[in-house]
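Here's the structure, in structure tokens; my notes come after.
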Amino acid sequence: MLEEIQREANRQDRSLSWIVQQAWKVARADIRRMPSMNDVLGPLPPRQVAAVAQAPAAAPAAVVASAPASPDEPSKT
């Protein structure tokens with residue numbers, strides 16, 4: 001994703017920061033409508049909260065890997 005943002009920054013002759021700021025302004029309302037993890041999971045008993053806090057750092061990668069591919073990029077499958 002960083003490489004894609006860098007290409008767009010180069011194309012527009014803008015900084016990475018500027019591109020990210022503009023993307024945030026455009027997407028802010030959509031992102032705020034997304035449920036938080038607390039909304040999805042609901043309140044956890046104390047024992048499960050500790051287990052979630054100790055989950056391996058690699059766990060979020062599964063969420064990123066399941067994101068849909070950009071329509072501008074060819075499928076890798």
Side-chain angles (χ1 to χ4, degrees):
M1 186 172 288
L2 177 58
E3 290 174 4
E4 186 176 347
I5 296 169
Q6 287 173 327
R7 283 193 304 269
E8 187 61 23
N10 287 337
R11 186 186 76 78
Q12 293 190 26
D13 194 26
R14 301 279 189 170
S15 68
L16 290 174
S17 174
W18 189 90
I19 297 292
V20 172
Q21 288 174 31
Q22 300 312 305
W24 172 251
K25 288 176 184 177
V26 169
R28 182 181 347 198
D30 289 337
I31 291 172
R32 286 190 175 149
R33 283 193 295 269
M34 293 178 185
S36 72
M37 289 305 295
N38 292 334
D39 295 337
V40 173
L41 297 175
L44 296 174
R47 189 174 216 169
Q48 287 182 335
V49 170
V52 170
Q54 295 172 1
V63 174
V64 173
S66 67
S70 169
D72 298 334
E73 295 182 11
S75 175
K76 295 181 182 178
T77 56

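From a predicted model like this one, the values you see are computed outputs, not experimental measurements. Position 1 is the first residue of the sequence; numbering continues from there. All values below were derived from every heavy atom in this structure, side-chain atoms included, with hydrogens, water molecules and symmetry-related copies excluded.
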Point to revise | Atom pair CD (E4) and CD (E8), whose distance is rounded to the nearest 0.5 Å | key: 8.0 Å
Review point. So which residues get pulled into I5's cluster when ILVMFWY side chains under 4.5 Å apart are joined, directly or through others?
Key: M1, L2, L16, W18, I19, V20
Solution key, residues 26-34 side-chain donor-acceptor pairs under 3.5 Å, sequence neighbours excluded:
unit_1	atom_1	unit_2	atom_2	d
D30	OD1	R33	NH2	2.1

